[in-house]
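The block underneath contains the structure these notes are about, expressed in structure tokens.
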Amino acid sequence: MQPVATQVRFLLGDRPILAARRMLVPIGYGLDAILRNAPLPAAPLPSDADGYRLQSVPVARIAQLDRDFAGLVASQPQLYARHYIDMAPGHDGYMAQFSSKTRATLKRKMRKLADAGGGELDIRSYHRSDQLDAFFAAALPLSQQTYQARLLDAGLPGDDGFRAEAHRLARADNLRAYVLFLQGRAAAYLYLPVADDVLIYAYLGYDQACAQLSPGTVLQMHALEQLFAEQRFRYFDFTEGDGAHKALFGTHQVQCATLFLLKSTLANRALLAGQQRFNAAVEGTGAWLDRIGAKARIRKLLRG
């Protein structure tokens, strides 16, 4: 595998403050590999690479990295719960996991958004190749306005390569995509590739202007009902990174980490040591702000 340009970032919350560019070989764990506790896939380090970016490494395997990647220096692991849905119980069994209060809250959110749209939910599915132009026409303008695109550079891609891959997936019946419309305008989108009958939570975005109507939550609920009805999929994988949305909808979780393994040069050691000191300072400041009750207000200001 060839190295790709990767930013080693110094983050304040979700906002990057500083970044250093390194050429890294990405190695990622899929959900099946995590659940099987499989070894990391072999990927010899090319001469022009600075190291590896390991994604979703099960926490239990971190202790083995010194043995598996001898001579490299590791960054501080970014730990998180990787959430997923076991789809075997079906939709009724899935909904039964929620408390009666949560089920009532979710139904109320769906009714509230339907009322705002004139009485019915307007959610459209785009699973076939000949439907994808309409999906991108609706979803891309919305994606460019989202928090993910503005601050995290994680909006829905619209380049020719991504579109070609989407069409390839759709022709093989390995794509599920949805857009929720509110009064004729796109309010949320969801893009789910499929790999080995595992749904991959790739892109979700929604209009911040109607956040009080919970369009992302409503769209997720609708999509899951349809996906359970197909009786095809084994898991819904929320992929790397934690979050309230993933924790709410997931049925299981696995503790994972993302980290860098870099060649043991002076520059790389200084970079990773600086990142670790920065993270410690941010964590200490965050704990102090929590004590004085200011952290939530500052986070809101940072998000604009």
Side-chain angles (χ1 to χ4, degrees), residues 1-2 4 25-36 38 40-43 53 55-56 82-91 94 122-144 146 148-149 154-181 186 188-206 216 219-241 245-246 249-252 254 256:
M1 186 176 295
Q2 295 302 309
V4 296
V25 174
I27 300 179
Y29 259 89
L31 182 61
D32 272 338
I34 292 172
L35 297 180
R36 295 196 316 269
L40 280 169
R53 181 176 188 263
Q55 300 169 257
S56 286
R82 181 164 174 160
H83 298 275
Y84 66 97
I85 299 171
D86 182 351
M87 302 191 73
H91 187 257
Y94 173 72
D122 183 2
I123 300 177
R124 306 174 198 177
S125 304
Y126 306 86
H127 303 341
R128 301 195 313 267
S129 180
D130 61 358
Q131 298 172 327
L132 291 185
D133 286 346
F135 169 76
F136 283 112
L140 281 175
L142 173 58
S143 175
Q144 293 165 4
T146 63
Q148 291 91 341
L156 179 72
D159 58 90
D160 290 343
F162 185 84
R163 286 173 178 254
E165 175 65 8
H167 281 280
R168 186 192 69 79
L169 290 168
R171 287 193 295 270
D173 194 25
N174 283 327
L175 181 66
R176 300 292 182 267
Y178 306 87
V179 177
L180 182 154
F181 291 85
Y189 65 86
L190 181 61
Y191 181 91
L192 307 169
V194 180
D196 297 324
D197 292 333
V198 176
L199 293 150
I200 300 169
Y201 181 80
Y203 297 98
L204 170 72
Y206 62 90
L219 179 56
Q220 181 78 61
M221 287 292 298
H222 172 87
L224 284 173
E225 184 173 3
Q226 287 199 349
L227 295 166
F228 273 110
E230 291 192 47
Q231 298 183 342
R232 166 187 167 183
F233 306 107
R234 294 181 295 130
Y235 301 113
F236 187 109
D237 180 12
F238 283 104
T239 71
E240 65 180 58
H245 181 92
K246 299 179 180 183
F249 286 104
T251 59
H252 299 72
V254 182
C256 293

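What you are looking at is a predicted structure, and each value in this text was computed from that prediction instead of being measured.
When each of Asn174, Asp173, Ile200, Leu175 is tested with Val194 by the rule side-chain contact (heavy atoms from CB on, under 4.5 Å), just one qualifies, namely Asn174.
From Arg168, atom CZ reaches atom OG of Ser129 across 11.5 Å, with rounding to the nearest 0.5 Å. Note that the CD1 atom of Ile85 and the CG atom of Leu224 stand 4.5 Å from one another [nearest 0.5 Å]. Put simply, OG1 on Thr239 and CG on Leu199 are 12.0 Å apart, with the number rounded to the nearest 0.5 Å. Here the CZ-CG distance, from Phe233 to Asp197, works out to 7.0 Å after rounding to the nearest 0.5 Å. For the atom pair CG of Leu31 and SG of Cys256, the computed distance is 8.5 Å after rounding to the nearest 0.5 Å. Atom CZ of Arg171 sits about 9.5 Å away from atom CG of Leu132, to the nearest 0.5 Å.
Counting heavy-atom neighbours within 6.0 Å of Asp130 CG, excluding the residue itself, gives a total above 12. The environment of Glu230 atom CD is dense: over 12 non-hydrogen atoms of other residues, nucleotides or ligands sit within 6.0 angstrom.
Two residues are said to be in side-chain contact when any heavy atoms from C-beta on lie closer than 4.5 Å; Tyr235 and Leu35 meet this criterion. Side-chain contact between Phe135 and Val179 is present, with at least one heavy-atom pair separated by less than 4.5 Å. Annotation: side chain of Tyr189 is not in contact with side chain of Leu140 (no heavy-atom distance under 4.5 Å).
By the 30° and 60° cut-offs, the orientation of the rings of Tyr191 relative to Phe136 is tilted.
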Begin from the C-alpha positions of Phe181 and Ile123 and carry the test side-chain contact (heavy atoms from CB on, under 4.5 Å) through to its verdict. CA-CA 6 Å; Phe181 291 85; Ile123 300 177; over 6 Å; no
Passes side-chain contact (heavy atoms from CB on, under 4.5 Å), Ile34 versus Ser56? Steps please. CA-CA 8 Å; Ile34 292 172; Ser56 286; 4.2 Å; yes
For Leu227 and Arg176: C-alpha separation, side-chain torsions, deciding distance, then whether side-chain contact (heavy atoms from CB on, under 4.5 Å) applies. CA-CA 9 Å; Leu227 295 166; Arg176 300 292 182 267; 3.7 Å; yes
After noting the C-alpha distance and the side-chain angles of Arg36 and Tyr29, does the key distance pass the side-chain contact (heavy atoms from CB on, under 4.5 Å) rule? CA-CA 11 Å; Arg36 295 196 316 269; Tyr29 259 89; over 6 Å; no
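Salt bridge status for Glu240 with Arg53: present, with a side-chain N to carboxylate O gap under 4.0 Å. Using a 4.0 Å cut-off between charged nitrogen and carboxylate oxygen, Asp237 and Lys246 do not count as a salt-bridge pair. Taking 4.0 Å as the cut-off between side-chain N and carboxylate O, Asp196 and Arg234 do not count as a salt-bridged pair.
A donor-acceptor pair is defined here as one N or O able to donate and one able to accept, closer than 3.5 Å; no such pair exists between the side chain of Gln220 and the backbone of Gly216. The main-chain N or O of Phe162 is never found under 3.5 Å from a side-chain atom of Glu165 such that the two would form a donor-acceptor pair.
Checked against a 6.0 Å centroid threshold, the rings of Phe236 and Phe238 count as neighbours. With ring centers used as reference points, Tyr94 lies under 6.0 Å from Phe228.
Shortest non-hydrogen contact noted between Ser143 and Leu156 is OG-N, 2.8 Å. For the residue pair Ala186 and Ala138, the shortest heavy atom distance occurs at CB-O, 3.5 Å. The heavy-atom pair separating Ala137 from Pro141 by the smallest distance is O-CD, 3.2 Å. Between Gln55 and Pro26, the closest heavy-atom pair is OE1-CB, 3.9 Å.
For residues 131-143, the set of pairs meeting the salt bridge (Lys or Arg N to Asp or Glu O under 4.0 Å) definition, not counting sequence neighbours, is empty.
Under 3.5 Å, the side chains of Gln226 and His222 contain a donor-acceptor pair of N or O atoms.
Both the sub-6.0 Å distance and the 45° axial angle are not jointly satisfied by Arg124 relative to the ring of Tyr178.
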